[in-house]
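Letters go in sequence order (proteins before strands), and every chain restarts at 1. Since we're looking at a predicted model, the values are computed, not measured. The figures that follow rest on heavy atoms only: side chains count, while hydrogens, waters and symmetry mates do not.
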Number of protein chains: 2
Amino acid sequence: MRNQTVKKKVSIHDIARQLNVSSTTVSFVLNGKAEEKRISDEMKKRILDHVAEVGYQPNQVAKSLRTGKSKIIGMLVEDISDPFFSGISRQVEESLYKLGYKIFFSSTENNTEKTKELLNVLRERQVDGYIIAPPPGIESEIATLIDEGLPVVLFDRYFPNLNTINVVVDNFGGASLAIEHLHANGYRKICLVTLDSEQSQMKDRLAGYCASVKKHGLPSIVEKIAFRQTQDDTVKQIKDFLLEHKELDAVLFATNYLTIPGLEAIIDLELTIPGDISVVGFDDNDHFSLFSPSITAIAQPIEKLSERTVKKLISCLNREKGALKTETEVLPTALIIRSSSVPITPTDQHKTP
Amino acid sequence: MRNQTVKKKVSIHDIARQLNVSSTTVSFVLNGKAEEKRISDEMKKRILDHVAEVGYQPNQVAKSLRTGKSKIIGMLVEDISDPFFSGISRQVEESLYKLGYKIFFSSTENNTEKTKELLNVLRERQVDGYIIAPPPGIESEIATLIDEGLPVVLFDRYFPNLNTINVVVDNFGGASLAIEHLHANGYRKICLVTLDSEQSQMKDRLAGYCASVKKHGLPSIVEKIAFRQTQDDTVKQIKDFLLEHKELDAVLFATNYLTIPGLEAIIDLELTIPGDISVVGFDDNDHFSLFSPSITAIAQPIEKLSERTVKKLISCLNREKGALKTETEVLPTALIIRSSSVPITPTDQHKTP
DNA sequence: AATATTTGCTAAATCCATTTAGCTATCTAT
DNA sequence: ATAGATAGCTAAATGGATTTAGCAAATATT
């Protein structure tokens, strides 16, 4: 009659005691080892019935401690509130949930120190595997995880000199696609507004841009935005840049959180799209078709990316101690053509904004 | 020379053995109970130095098992890829991370059964507290958590007949704000497009709409959209609705994932905003200012909501067994006026789309 | 000097499940 | 009748921490 408020959870020992059997037997039955361990069908039934009746549920923490497995995956994204990452997170969570895994999400904010801490926390919690969009400077920590034989899959970006399993999109090809499209539509002074970043996805997009403009004998005009700055500063910087480069007739924004401030900058300057300047964004967005004009974009295959990432991780988790084949899977991007990049009209040709 | 691949983790016992002390002493020192337990400063230093040197880190799983605390919060949102929820998740994660808590996120998809399972998983994992945007039909499970004295904070929606701690926005007031604004700008046939849902936030928005139109003697025209249907079906339903109600001059969409299909429907019908129909969305979005026309919206205070939710949970977690005061905190919304709802012009008056 | 108190530390129990090693009783084969 | 096999179950160790109860030595008190 004492502890009414806090219901004591029943343990496997309570179950065993109530049935007058040993907890070993109960454990065997509950873990599907009845035959293997030669537990009689009668006993099995008795235990299962009673467990169902009292609604006993094993303490997962104790289980994790003993087995070293947690059925938890640690997932580190750059920013859970970014549509690209939250989209992937959602899909990954759904797939893994169906396989009985739970997920720890955290935002790294692309911050090396925070990520180190997060990895530490995940390790202490004995997560079974890792899905990571790594920030810069985290190579050695990732290498350590790999060395210890832990299942790790990197996505979105990776470290070319690290033997990891990676799932990324064809950033080089995506950027090329954008330039080819703009070029075909008559644009000749195409700039790239990108982040000042050494991460693989950004380097590849830059490389794709450079290769394409070079191929067509166009000038290479690149503006790099510092990573950690306010949205307002970014808008300001892009405005300044556009004012200094009045010759531009098109701009490719290298990532979704440059496209938005970029559009703001263009609107602030009262330039018309695509009359004064044509726009393509790397990374599509649900809303781009509702913008006016609608925004042409390089779409990343979010579903496919999630699916492949999960598949890789799962095969990693299930592998029988065998060495895991490290490989980088590259998924194709798609050009979604909308009105922000319609073919240049004769009268628009070489018009200065 | 054997186990090169799998580094054995050091335990507190290893530390104790290496220093020739008992693990009890090490534990006391590491948990800041040195004075309390009268451990000499000399011993304390010896232990701390050694721990730092070998980089020992306590196994959190073992710790959780013993203490019953996990330093993990379970957070259930409707959909982690929805900007409203991912925004809140991001903020909550950041705040709680600073306080040493990690978070389990999951998307309920507003699905009662999935949520029950999720709550079970969270309980088994011994999370220290819960932050939940509850789906319908989950009252008794929530009540159970409360009965067991577990820290629970509901947000965005709640159950009026349940004694929980809730943090929500003024949905009634927000909807009223929208109608007042539309009315003041000359609109007279204002409909509400909402979800067919009994959840508190939706009921309150509907009530706010009804009260406001009634106050001004306007007709009450409400279209309810089934919750679980495809975006395409939603667009179709809204189109049909608009075609059947050509008298409408303004529409309030009750939630962000109705505003987007709603705008699509309007574009498909080749209606102009706000010429043919004026639009206000409940729940603002970063992109609304870039739409053309830009979209007027009722903004929810995401930061404040996150902050208050975390604060409530923390005080719950830290409370000294005392009864927690159950209360519903209601935060104000703000009307962000943009061009989708500019004052009606004389020539527009009572124009039929 | 004898007793009481304080200091400084530790053995062992505990949290709850899994798993190894092994025991007893029954059955089979010779 | 007896050794060997098998069926059916369990005691105890284990994972890695925290925490209770308490011991021995040093110091203080009378």
Side-chain angles (χ1 to χ4, degrees), chain A residues 6-48 50-51 54-72 121 123-126 128, chain B residues 6-48 50-51 54-72 123-128:
Chain A
V6 179
K7 208 191 298 180
K8 187 80 175 55
K9 276 216 70 173
V10 296
S11 75
I12 196 170
H13 292 286
D14 298 327
I15 299 293
R17 208 173 305 122
Q18 288 156 17
L19 289 171
N20 229 346
V21 296
S22 90
S23 57
T24 308
T25 309
V26 179
S27 174
F28 286 157
V29 169
L30 290 181
N31 289 297
K33 299 189 182 166
E35 359 272 73
E36 185 193 337
K37 297 294 182 179
R38 294 190 296 257
I39 306 298
S40 65
D41 284 357
E42 180 198 15
M43 172 67 89
K44 180 174 164 183
K45 184 172 184 324
R46 211 155 68 88
I47 291 175
L48 288 178
H50 185 251
V51 161
V54 303
Y56 163 71
Q57 293 190 307
N59 178 321
Q60 296 299 322
V61 176
K63 198 163 177 157
S64 287
L65 176 59
R66 182 65 237 248
T67 62
K69 300 280 162 223
S70 60
K71 281 280 178 182
I72 297 174
V121 173
R123 187 112 63 109
E124 286 168 3
R125 301 285 177 185
Q126 297 186 204
D128 291 349
Chain B
V6 178
K7 210 189 297 180
K8 188 80 176 58
K9 277 215 72 175
V10 296
S11 75
I12 197 171
H13 292 286
D14 297 328
I15 299 292
R17 209 172 307 123
Q18 288 155 18
L19 288 172
N20 231 346
V21 296
S22 92
S23 56
T24 307
T25 310
V26 178
S27 174
F28 285 158
V29 169
L30 290 181
N31 288 297
K33 299 188 182 166
E35 1 271 72
E36 184 193 336
K37 297 295 181 178
R38 294 189 297 256
I39 306 299
S40 66
D41 284 358
E42 181 196 13
M43 172 70 87
K44 179 175 166 184
K45 184 173 184 320
R46 211 154 69 88
I47 291 174
L48 288 177
H50 185 250
V51 161
V54 305
Y56 163 71
Q57 293 189 307
N59 179 322
Q60 297 299 320
V61 176
K63 197 162 177 158
S64 288
L65 176 60
R66 181 65 235 247
T67 62
K69 300 280 163 223
S70 61
K71 281 283 179 179
I72 297 175
R123 186 113 62 110
E124 286 169 2
R125 302 283 176 185
Q126 295 186 206
V127 300
D128 291 350

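Judged by distance alone, the side chains of Ser27(A) and Thr24(A) never bring a donor and an acceptor atom under 3.5 Å apart.
At whole-Å resolution of the value, CD in Gln60(B) and C1' in dC15(C) are 15 Å apart.
Residue contacts shown for Val21(A) are limited to sugar-phosphate atoms, with no base heavy atom under 4.0 Å away. When heavy atoms are screened at a 4.0 angstrom cut-off, Ser11(A) is found touching the sugar-phosphate backbone but no base atom. Base engagement by Thr25(A) is indicated by at least one non-hydrogen atom pair under 4.0 Å involving a base atom.
Within the structure, every side-chain polar atom (N or O) of Ser40(B) is placed at least 4.0 Å from both OP1 and OP2 of dG8(C). Applying the 4.0 Å criterion to OP1 and OP2 of dG16(D), one finds that Tyr56(B) has every side-chain N and O outside that range. Between Lys63(A) and the phosphate of dT18(C), there is a side-chain N or O to OP1/OP2 separation shorter than 4.0 Å. Residue Ser22(B) places at least one side-chain N or O closer than 4.0 Å to OP1 or OP2 of dT10(C). At dT18(C), one or more side-chain N or O atoms of Asn31(A) fall inside 4.0 Å of OP1 or OP2 (strictly under the cut-off).
Sequence order on DNA chain D of the closest nucleotides to Thr24(A) and Lys33(B) puts Thr24(A) first from the 5' end. Take the nearest nucleotide of DNA chain D for Val26(B) and for Ala62(A): the residue whose nucleotide is more 5' is Ala62(A).
Judged by distance alone with a 3.5 Å cut-off, a donor-acceptor contact links the side chain of Arg66(A) to the base of dT18(C).
Without hydrogens or angle criteria, Arg125(B) side chain to Ser70(B) main chain gives no donor-acceptor distance under 3.5 Å.
When each of dG15(D), dT18(D), dC16(C) is scored by its nearest atom to the side-chain atoms of Asn59(A), the top-ranked nucleotide is dC16(C).
Using a 4.0 Å cut-off between charged nitrogen and carboxylate oxygen, Lys44(A) and Glu35(A) count as a salt-bridge pair. With salt bridges taken as basic N to acidic carboxylate O contacts below 4.0 Å, one links Asp14(A) and Arg17(A).
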